[in-house]
Amino acid sequence: MSKLAEKVQEELIQAIENDELVLPTLPEVALKVREAAEDPNISIPTLSKVIGNDAALTARIIKVVNSPLLRTSKEITDIQMAVSRLGINYTCNLATGLAMEQMFQATSDVVDRKMREVWNKSTEIAGICHVLCRHYTKLMPDQATLAGLVHQIGVLPILTYAEENNALLADSISLNHVIEKIHPIIGDRILRAWEFPEPIAIVPSQHLNFSRNSAKADYVDIVQVATLQSYLGSEHPYTQLDWSQIPAFAKLGLDPNVDMQADEDLSAAMEAATSMLQ
């Protein structure tokens, strides 16, 4: 590891331990949606009104509900119809996840590019999570999708730090090293600060622990398998691992030697799920 990466890593870990690291806050619309979701008597028109105040998010949710994975014979054209179709919990989780795209933007071109790269990878993995969850578990697809969208959230404060530190920004190898080492720890901190449920809050720090073996399949397993599947066909180091030794596959009842992309139905579903989120 370079001296620079070591120095930055030490500084960031120190800031985390001293509670001095400035954690990002959820976008306002996501906060309002989550607040609304906590009301057990929330009605579809009320939730629709909260989301409807954000035109971009409204358009995204209508796009999702009309995607090949979820659409019915009748096209959905307004947010109230979309919320009725998806249900309140599903809509809230989806809206929270999609609203986060607003956070993956920066003033410097280098950081902005990196943020977009991270967001695009997160949406790809979230799409695969959605399909894995529906086909191989009894867990909630909306929660699995949200877990996929937030599993790299810890990258944000590191990139914000890099934006103020030209030496780190100029050294992409050191920057990537720092991201790889620290984003999982910061991710858990952020999700707990946002009061995400524990099964999702542990995803950033646990999804790359390939020997992890919980009692039954959970959202960490789904994000882990989705992450590995997303690198199939590439030279990425994860493709060199012995997947048959990774417990998450067995817990999902998935043969680690099977390329999901080779199954036409699954491949089409994953493509549809990813494109609905992008």
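Heavy-atom basis, side chains included; hydrogens, waters and symmetry copies ignored.
No more than 12 heavy atoms of other residues, nucleotides or ligands sit less than 6.0 Å from atom CD1 of Ile173. Counting heavy-atom neighbours within 6.0 Å of Glu195 CD, excluding the residue itself, gives a total of 12 or less.
The salt bridge (charged side-chain N to carboxylate O under 4.0 Å, His left out) check on Arg113 picks up nothing, with sequence neighbours excluded. For Arg192, the side-chain contact (heavy atoms from CB on, under 4.5 Å) partners at least two apart in sequence or on another chain are Asp188, Glu198, Ala201, Ile202. Remark: Ser174 engages Ser2, Asp171 in a side chain to side chain donor-acceptor pair (under 3.5 Å) (not counting sequence neighbours). With sequence neighbours excluded, the residues forming a side-chain contact (heavy atoms from CB on, under 4.5 Å) with Asp54 are Val29, Ala56, Leu57, Gln102, listed by chain and number. The salt bridge (charged side-chain N to carboxylate O under 4.0 Å, His left out) test applied to Glu38 returns no partner, not counting sequence neighbours. Evaluation of the salt bridge (charged side-chain N to carboxylate O under 4.0 Å, His left out) rule for Glu35 yields no partner, not counting sequence neighbours. For Thr58, the side-chain contact (heavy atoms from CB on, under 4.5 Å) criterion is met by Ile51, Ile62, Ile79, not counting sequence neighbours. The ring-ring contact (aromatic ring centres under 6.0 Å, His included) check on Phe210 picks up Tyr238, with sequence neighbours excluded. The side-chain contact (heavy atoms from CB on, under 4.5 Å) check on Glu163 picks up Ala106, Thr107, Ser108, Val111, with sequence neighbours excluded.
Note on residues 87-112: pairs passing ring-ring contact (aromatic ring centres under 6.0 Å, His included), not counting sequence neighbours, are Phe104-Trp119. A ring-ring contact (aromatic ring centres under 6.0 Å, His included) check over residues 15-70, counting only residues at least two apart or in different chains, returns nothing.
Of the charged side-chain nitrogens involved, at least one lies within less than 4.0 Å of a carboxylate oxygen, so that Lys121 and Glu124 count as a salt-bridged pair.
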Result block: side-chain N/O donor-acceptor pairs under 3.5 angstrom for residues 137-149, not counting sequence neighbours:
unit_1 : atom_1 : unit_2 : atom_2 : d
Thr137 : OG1    : Cys133 : O      : 2.9
Thr137 : OG1    : Leu139 : N      : 3.0
Asp142 : OD2    : Asn93  : ND2    : 2.7
Thr145 : OG1    : His130 : ND1    : 3.1
Thr145 : OG1    : Pro141 : O      : 2.7

